[in-house]
Amino acid sequence: MDFRHTMKGRRALSAVAITAGLLLTVAGCGGGGDEKSDKDATTSAAPSRSSSGQKMSQAPQADQVLAEVKGENGLTLTVTSARRDSGGFVTVEGTVTNNTGMLWVAANWRGNEQELKRNGGSIAGASLIDQQGKKKYLILRDTSGRCLCTQFTGGVREGATAQWFAQFPAPPEGTSKVDFQVGAMPPASIEISEG
């Protein structure tokens, strides 16, 4: 009996946290005209602090940048790795930098499928597009329907950079160039390396 009440309490707490995050997103999107300059879309090299107070760099130091796109009111998406693994999948990694002026919770990056909505603020709605083969590859999921990708728990604070990863089914062996796309961000053309 106590276990059942504990689980109900946890579910209620989770629902409250998700609802609060969505309300913050809606409230932040309701502002007036968007008159951002090009300067607002660029990233700064100064380090910022994470929610735990630790310094976070704005860009990975050792990783090579395969692609970088800017959009969605000041977000910068960087792809640093796209690796074909022997298990028949591709792992794509990178960073997202929040220069929106508010907390960013990735609600519109989780995808439109009902099953993916339980992933919360995540990159579950991303896809790889093979223009040559005319195929679109969606993020892999586990047996519970959760994406094999990053979930941005608690969101990404203004000025902060968060790392992300996503796993997809691998395109055919001869295909090395694909477009990575998520949310309303422009497609990022990337090259898959052999792992």
Side-chain angles (χ1 to χ4, degrees), residues 18 22 25-26 29 34 36 38 40-43 59-60 62-100 104-153 155-156 161-195:
I18 290 171
L22 292 174
T25 301
V26 170
C29 292
D34 190 301
K36 293 196 177 261
D38 289 339
D40 294 335
T42 61
T43 58
D63 293 331
Q64 173 185 351
V65 174
L66 299 179
E68 182 176 275
V69 292
K70 298 175 194 299
E72 290 191 20
N73 300 321
L75 288 178
T76 301
L77 174 84
T78 304
V79 180
T80 57
S81 172
R83 188 178 63 256
R84 185 186 304 268
D85 295 314
S86 59
F89 56 90
V90 170
T91 302
V92 182
E93 298 177 12
T95 61
V96 61
T97 302
N98 177 11
N99 290 317
T100 64
W104 176 75
V105 293
N108 64 338
W109 282 22
R110 69 180 175 195
N112 294 325
E113 294 176 56
Q114 191 63 33
E115 185 177 66
L116 294 176
K117 297 207 185 263
R118 69 176 132 184
N119 286 290
S122 69
I123 200 164
S127 60
L128 289 182
I129 301 165
D130 173 7
Q131 299 287 352
Q132 185 178 1
K134 300 188 184 335
K135 289 193 177 184
K136 181 177 184 177
Y137 298 90
L138 303 178
I139 285 190
L140 294 170
R141 302 171 197 171
D142 66 14
T143 55
S144 300
R146 289 185 175 84
C147 72
L148 298 180
C149 68
T150 296
Q151 294 188 21
F152 300 102
T153 306
V156 179
T161 297
Q163 294 188 354
W164 57 264
F165 82 95
Q167 291 186 324
F168 301 89
E173 287 292 327
T175 303
S176 62
K177 294 190 185 229
V178 293
D179 290 338
F180 177 85
Q181 212 278 316
V182 64
M185 298 296 285
S189 295
I190 58 174
E191 189 160 346
I192 300 171
S193 63
E194 299 299 320

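Source: prediction; values computed, not measured.
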* Asked: Does a side-chain heavy-atom distance below 4.5 Å link Trp104 with Asn73?
  -> no
* Asked: Side chains of Thr91 and Gln167: do they bring a donor and an acceptor to under 3.5 Å?
  -> yes
* Side chains of Ile123 and Phe165 in contact at under 4.5 Å (non-hydrogen atoms) -> no
* To do: Give the intermediate values and the outcome of side chain to side chain donor-acceptor pair (under 3.5 Å) for residues Glu68 and Thr78.
  => CA-CA 4 Å; Glu68 182 176 275; Thr78 304; 3.3 Å; yes
* Side-chain heavy atoms of Cys147 within contact of Leu140, under 4.5 Å -> no
* Check step by step if side chain to side chain contact (heavy atoms under 4.5 Å, CB included) holds for Phe168 and Leu138. => CA-CA 6 Å; Phe168 301 89; Leu138 303 178; 5.8 Å; no
* For the atom pair CG (Leu128) and NZ (Lys135), what is the distance rounded to the nearest 0.5 Å? -> 13.5 Å
* Smallest separation among heavy atoms of Ile139 and Ala166, with atom names -> CD1-CB, 3.7 Å
* Asked: For Phe180 and Leu77, what are the C-alpha separation, side-chain angles and deciding distance, and is it a side chain to side chain contact (heavy atoms under 4.5 Å, CB included)?
  -> CA-CA 10 Å; Phe180 177 85; Leu77 174 84; 3.8 Å; yes
* State the OG-CD distance between Ser127 and Gln181, to the nearest 0.5 angstrom. => 5.5 Å
* Structure fact -> dist Trp164:CH2 -> Cys149:SG (nearest 0.5 Å) comes out at 10.0 Å
* Check: Val96 and Thr76 side chains under 4.5 Å, non-hydrogen atoms -> no
* **Within 6.0 Å of CD in Glu191, more than 12 heavy atoms from elsewhere** => yes
* Below 4.5 Å, heavy atoms only, C-beta onward: do Tyr137 and Phe89 meet side chain to side chain? -> no
* Atom CG of Leu66 and atom CD of Glu93: how far apart are they, to the nearest 0.5 Å? -> 10.5 Å
* Structure fact -> Closest non-hydrogen contact found for Pro171 with Val90 is CD-CG2, 3.7 Å
* Could you tell me whether a side-chain N or O of Asn98 sits under 3.5 Å from a main-chain N or O of Thr100, the two making a donor and an acceptor? => yes
* Any sub-3.5 Å donor-acceptor pair from Thr175's side-chain atoms to Asp130's backbone N or O? -> no
* **Close side-chain approach of Val178 to Ile190, heavy-atom, < 4.5 Å** => yes
* Inter-residue atom distance Lys70.NZ - Asn99.CG, 0.5 Å rounding -> 8.0 Å
* Asked: Is a donor on one side and an acceptor on the other found under 3.5 Å between the side chain of Ser122 and the backbone of Ala124?
  -> yes
* To do: For residues Arg83 and Glu194, determine if any side-chain heavy atom of one lies less than 4.5 Å from a side-chain heavy atom of the other.
  => no
* Over all atoms of both residues, closest heavy-atom pair of Phe152 and Gln163 -> CE2-O, 4.2 Å
* To do: Drop me the distance from Arg84's CZ to Ser176's OG, to the nearest 0.5 angstrom.
  => 8.0 Å
* Asked: Looking at side-chain heavy atoms only, is the closest gap between Val79 and Val65 below 4.5 Å?
  -> no
